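This report refers to the structure that appears directly beneath it.
Both counts, for ligands and for their atoms, begin at 1 and track the order of listing. Note that this is a predicted model, so its numbers are computed, not measured.
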Amino acid sequence: MAAKKKEEKTEFVNKQGKRLDGRTTDQVRPIKIQVGVVPRADGSCYLEWGQNKVIAAVYGPRECLPKHTASPYKAVVRYSYRMATFSVPDRKNPKPGRRDIEISKVSSEAFERAIFTERFPNTAIDIFVEVLDSNAGTRIAALTCAAVAVADAGIPMRDLISGVAVGKAGGKIIVDMNKFEEDAPDAVDIPMAILPNTEEIVLLQMDGLLSKKEWLEARGKAFEAIKQVYELQKQALLKKYEQPVEAAENGGVVQ
Ligand code: CDP
């Protein structure tokens, strides 16, 4: 009972418009992106988004095995989202659970919209993403990181995929919710990803309910935040490919 009273009192956005971690309602957590961190892969990326840390490696287009899973019309996109055992406060069972399978499925569907798969029949494009540390928003951090890795692999895409999770906590619409906000009693969580140039939505999930007015506010805030994420993705790619070849092969790091 005492805990419930405390929850009811939690003010997720104060009178000055600041959240508990000091951000404004439309501010995303700090994002760092480094391209080309797994030399064995065709393309790779490491991304930090607040406390979230994810690494993506991409292989392909390559032979699609077993052969009966190949398509004569297009490349098959296989996306694997996994959380490291040590990436959550409780030990994460290393066996992929329903959540890992669901996130992998919706993310591979997003990439099927982005990649020109029809140019690579009978092949597979394998995208592996490992979450090393987490604090809500990992499916979007993973997708954002994977999009940069796919671009680094030189796989032609209509556009990068960029996203953010928008939602509601304490009655206020906020972008890029952290775990504490996601656990608010009235929390609504909406991970969203788009192809930024056309604004085509390629991933949209929703946990909770919003009124139409709230949804329009959330969508507007999400699109603004996604523009910032998109710029950071492009800057990271430019940072690698504007370097001399030796540095580019070393993930943009000049030694
Ligand atoms: O990470 P995302 O917000 O995309 O997905 P979620 O299912 O809403 O999970 C929110 C957060 O819960 C994750 O980012 C993790 O920090 C945490 N989590 C956990 O502690 N243990 C799990 N087995 C899965 C998620």
Side-chain angles (χ1 to χ4, degrees), residues 7 10 12 19-21 23 25-33 45-56 79-111 114 127-149 160-170 172-194 201-210 215 218-219 221-222 225-226 228-229 232-233:
E7 268 180 6
T10 307
F12 286 88
R19 289 148 73 174
L20 289 163
D21 60 7
R23 285 185 288 154
T25 53
D26 44 15
Q27 196 174 352
V28 294
R29 290 170 284 181
I31 298 175
K32 278 198 262 173
I33 307 177
C45 181
Y46 170 71
L47 177 142
E48 290 182 6
W49 186 321
Q51 189 194 324
N52 295 320
K53 294 185 174 63
V54 296
I55 189 160
Y79 186 104
S80 156
Y81 165 101
R82 298 286 181 266
M83 287 189 112
T85 313
F86 52 82
S87 65
V88 289
D90 297 327
R91 176 182 177 273
K92 161 78 173 66
N93 185 341
K95 190 174 152 205
R98 289 168 62 115
R99 181 177 168 276
D100 305 80
I101 294 165
E102 169 217 314
I103 295 175
S104 301
K105 180 182 186 290
V106 293
S107 304
S108 70
E109 286 166 1
F111 274 101
I127 306 169
F128 301 98
V129 193
E130 293 286 333
V131 178
L132 307 175
D133 198 0
S134 70
N135 189 321
T138 59
R139 75 195 64 202
I140 291 297
L143 204 56
T144 304
C145 182
V148 174
L160 287 171
I161 296 177
S162 312
V164 80
V166 68
K168 185 167 94 168
K172 296 276 189 319
I173 301 295
I174 52 182
V175 294
D176 189 24
M177 298 164 87
N178 61 31
K179 181 80 174 113
F180 187 74
E181 291 166 337
E182 240 190 57
D183 290 341
D186 67 335
V188 180
D189 179 24
I190 311 173
M192 186 193 293
I194 64 172
I201 295 175
V202 291
L203 181 141
L204 182 66
Q205 298 187 282
M206 185 166 174
D207 189 4
L209 289 173
L210 288 182
W215 156 246
R219 192 185 65 172
K221 279 194 154 95
I226 288 173
Q228 297 165 28
V229 176
L232 294 173
Q233 288 172 295

- Ignoring hydrogens and angles, state whether a donor on the side chain of Asp176 or Trp49 is under 3.5 Å from an acceptor on the partner side chain. yes

- Query: Judged by modelled atom types alone, do Asp133 and Asn52 share a side-chain donor-acceptor pair under 3.5 Å?
  - Reply: no

- Query: ligand 1 versus Pro89, non-hydrogen atoms closer than 4.0 Å: side chain, backbone, both, neither?
  - Reply: side chain

- Note on the structure: The protein heavy atom nearest to atom 9 (O) of ligand 1 is Arg99 NH2, 3.5 Å

- Query: For ligand 1, which atoms sit closer than 4.0 Å to a heavy atom of Asp189?
  - Reply: 8 (O)

- The closest protein heavy-atom partner of atom 11 (C) of ligand 1 is Lys179 CD, 3.7 Å

- Message: Looking only at distances, can you tell me whether any N or O atom of Lys92, backbone or side chain, sits closer than 3.5 Å to an N or O atom of ligand 1?
- Response: no

- Query: Which heavy atom of the protein is the closest neighbour of atom 10 (C) of ligand 1, given with residue, atom name and distance?
  - Reply: Glu182 OE1, 3.2 Å

- Query: Is the shortest N/O to N/O distance between Ser134 and ligand 1 below 3.5 Å?
  - Reply: yes

- Based purely on interatomic distance, does Arg139 place a nitrogen or oxygen under 3.5 Å from a nitrogen or oxygen of ligand 1? yes

- Among protein heavy atoms, which sits nearest to atom 3 (O) of ligand 1, and what does the distance come to when rounded to 0.1 Å? Gly137 N, 2.7 Å

- Query: Has ligand 1 got any nitrogen or oxygen that is less than 3.5 angstrom from a nitrogen or oxygen of Met83?
  - Reply: no

- When rounded to the nearest 0.5 Å, the distance separating CD1 of Ile103 from OG of Ser80 is 11.0 Å

- Looking at atom 1 (O) of ligand 1, what's its closest protein heavy atom, distance included? Thr138 OG1, 2.5 Å

- In chain order, what residues pass the salt bridge (charged side-chain N to carboxylate O under 4.0 Å, His left out) check against Lys53, with sequence neighbours excluded? none

- Yes or no on salt bridge (Lys or Arg N to Asp or Glu O under 4.0 Å) for Lys105 and Glu109, after CA distance, side-chain angles and deciding distance? CA-CA 6 Å; Lys105 180 182 186 290; Glu109 286 166 1; 2.6 Å; yes

- Item | side-chain contact (heavy atoms from CB on, under 4.5 Å) evaluation trace for Arg82 with Lys92 | CA-CA 10 Å; Arg82 298 286 181 266; Lys92 161 78 173 66; over 6 Å; no

- Exactly one of Ser107, Ser108, Ser104 clears side chain to side chain contact (heavy atoms under 4.5 Å, CB included) with Tyr81, and that residue is Ser104

- Query: Looking just at side-chain N and O atoms, do Thr144 and Gln233 make a donor-acceptor pair shorter than 3.5 Å?
  - Reply: no

- Touching ligand 1 at all, Ala136? Heavy atoms, strictly under 4.0 Å? yes

- Looking at atom 21 (N) of ligand 1, what's its closest protein heavy atom, distance included? Val88 CG1, 3.4 Å

- Classify the side-chain pair Arg19/Gln27 by whether it contains a donor and acceptor separated by less than 3.5 Å. no

